[in-house]
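Shown next, in structure tokens, is the structure this report addresses.
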Amino acid sequence: MKISNTYLSDIFIIDLFSFKDNRGEFVKTIHDKTFEENGLVYQFAESFYSISNKDVIRGMHFQKPPYDHVKFVYVVSGKILDVVIDLRMNSITYGKSFQIELSEENRKGIYIGKGFAHGFLALEDKSIVEYHTSISQNKEAEAGILYNSFNFDWPVEFPVVSVRDKEFLSLTEFKTPF
Ligand SMILES: Cc1cn([C@H]2C[C@H](O)[C@@H](COP(=O)(O)OP(=O)(O)O[C@H]3O[C@H](C)C(=O)[C@H](O)[C@H]3O)O2)c(=O)[nH]c1=O
């Protein structure tokens with residue numbers, strides 16, 4: 001299990017441990033010492049997963065303070081283009097995005113610190129994305145920014161997006177709480 005920095009502080013890429021043999025595959029996603037050595041939290045409040053077909057975009061989501069949380073995301077099966085955007089007002093990378101392909105092939109995960117919005121595009125049908133969050137869902141604190149309102153070109157012509165996700169404010173209209 002290897003943890004790498006990115007050009008956004010508090011965004012890390014984790015190469016999950018994978019063991020394959022004639023039975024199939026074993027994947028380890030969280031390891032306390034490895035996370036701790038890299039200053040990452042490894043104890044989460046809740047975990048959930050979603051299943052998305054190709055061309056689905058979910059995002060860009062976050063929870064507002066004081067319920068802002070760390071998110072650890074990886075793909076169990078399928079492939080996604082995962083995207084985060086820096087919403088921390090004093091950050092030199094405010095408004096900057098970072099993207100990475102997460103898949104059952106590359107067994108990479110993304111660790112997302114507080115102050116970022118998160119979303120993804122499913123690149124294959126039945127892509128299963130698992131999340132761990134450091135603070136449980138708080139409906140009143142749930143928020144987002146419009147997925148196509150910041151400097152990122154989603155490689156999809158006709159994305160499938162929820163009504164809720166289509167109604168978020170654009171990045172320029174949005175006043176960050178971070
Ligand atoms: C997150 C959550 C959702 N729900 C219910 C609310 C809705 O009835 C249903 C689907 O929720 P939503 O449409 O917000 O799910 P996604 O659009 O897949 O959002 C997720 O995907 C994006 C990319 C993220 O980064 C979010 O953390 C994550 O919430 O599950 C709950 O009951 N508890 C929960 O913690």
Side-chain angles (χ1 to χ4, degrees), residues 6 8 10-14 16 29-30 40-88 91 93-104 106 108-156 158-171 174 176-178:
T6 65
L8 295 179
D10 294 349
I11 299 291
F12 299 90
I13 300 307
I14 303 183
L16 306 178
T29 56
I30 295 173
L40 308 187
V41 302
Y42 59 85
Q43 289 169 318
F44 294 94
E46 68 176 12
S47 180
F48 44 91
Y49 66 86
S50 64
I51 306 171
S52 304
N53 285 325
K54 190 171 179 304
D55 297 346
V56 164
I57 290 179
R58 294 176 187 256
M60 304 295 288
H61 299 165
F62 58 90
Q63 287 200 161
K64 292 180 283 193
Y67 302 98
D68 46 337
H69 51 200
V70 169
K71 217 176 266 182
F72 176 39
V73 179
Y74 50 83
V75 164
V76 174
S77 71
K79 190 189 292 185
I80 66 170
L81 181 62
D82 202 84
V83 183
V84 295
I85 178 168
D86 190 349
L87 301 178
R88 299 168 298 180
S91 166
T93 53
Y94 176 85
K96 284 237 177 305
S97 62
F98 169 83
Q99 79 275 350
I100 184 169
E101 241 182 46
L102 304 179
S103 70
E104 65 183 289
N106 70 20
K108 288 182 182 295
I110 185 166
Y111 178 102
I112 306 163
K114 296 182 177 184
F116 292 86
H118 171 250
F120 67 82
L121 165 67
L123 298 171
E124 291 178 3
D125 281 340
K126 293 206 181 331
S127 290
I128 301 176
V129 180
E130 185 154 47
Y131 307 71
H132 300 269
T133 52
S134 60
I135 292 180
S136 296
Q137 183 206 28
N138 178 294
K139 278 202 172 306
E140 289 64 50
E142 278 200 304
I145 59 156
L146 193 58
Y147 73 97
N148 58 357
S149 72
F150 60 98
N151 61 336
F152 183 73
D153 293 326
W154 296 90
V156 55
F158 302 110
V160 178
V161 182
S162 69
V163 170
R164 172 173 166 258
D165 286 356
K166 284 179 185 165
E167 290 172 351
F168 286 134
L169 290 177
S170 70
L171 180 63
F174 163 77
T176 184
F178 298 108

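Each ligand, and each atom within it, is numbered from 1 in the order the structure gives. Computation of the quantities below employed the complete heavy-atom set of this structure, encompassing side-chain atoms and omitting hydrogens, waters and symmetry-equivalent molecules.
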Does Tyr67 have more than 12 heavy atoms from other residues, nucleotides or ligands lying within 6.0 Å of its OH? no
Would you tell me whether Glu142 and Gln137 have side-chain atoms, one donor and one acceptor, within less than 3.5 Å of each other? yes
For ligand 1, which atoms, with element, lie under 4.0 Å from some heavy atom of Gln137? 2 (C), 3 (C), 4 (N), 31 (C), 32 (O), 33 (N), 34 (C), 35 (O)
What residue and heavy atom of the protein are closest to atom 25 (O) of ligand 1, and at what distance? His118 ND1, 2.8 Å
How are the rings of Phe72 and Tyr111 set to each other: parallel, tilted or perpendicular (split at 30° and 60°)? tilted
Please report whether atom 33 (N) of ligand 1 has a protein non-hydrogen atom at a separation of less than 4.0 Å. yes
Would a distance-only check, ignoring hydrogens and angles, find a side-chain to backbone donor-acceptor pair under 3.5 Å from Tyr49 to Val76? no
Does Val70 offer a backbone N or O that forms a donor-acceptor pair with the side chain of Ser134 under 3.5 Å? yes
Phe62 and Phe174 aromatic centres sub-6.0 Å: yes
Is atom 11 (O) of ligand 1 less than 4.0 angstrom from at least one protein heavy atom? no
Kindly state each residue pair satisfying side chain to side chain donor-acceptor pair (under 3.5 Å) with at least one member in residues 76-85, sequence neighbours excluded. Asp82-His118
Just grab all the salt bridge (charged side-chain N to carboxylate O under 4.0 Å, His left out) pairs involving residues 108-135, residues at least two apart or on different chains. Asp15-Lys108
Between Asp165 and ligand 1, is there a nitrogen or oxygen pair with a distance under 3.5 Å? no
Starting from atom 20 (C) of ligand 1, which protein heavy atom do you reach first, and at what distance in Å? Tyr131 OH, 3.5 Å
Is Arg164 close to ligand 1, meaning an N/O of one under 3.5 Å from an N/O of the other? yes
Does at least one non-hydrogen atom of Glu46 fall below 4.0 angstrom from an atom of ligand 1? yes
Write out the residue and atom name of the closest protein heavy atom to atom 18 (O) of ligand 1, then the distance separating them to 0.1 Å. Arg58 NH1, 2.8 Å
Protein contact for atom 2 (C) of ligand 1 (heavy atom, distance under 4.0 Å): yes
Distance to 0.1 Å, residue and atom name: give those for the protein heavy atom nearest to atom 22 (C) of ligand 1. His61 ND1, 3.2 Å
For atom 27 (O) of ligand 1, which protein heavy atom lies nearest, and how many Å away is it? Lys71 NZ, 3.0 Å
Is there a donor in the side chain of Tyr74 and an acceptor in the side chain of His132, or the other way round, less than 3.5 Å apart? yes
Quick one: nearest non-hydrogen protein atom to atom 6 (C) of ligand 1, plus distance? Lys139 NZ, 4.1 Å
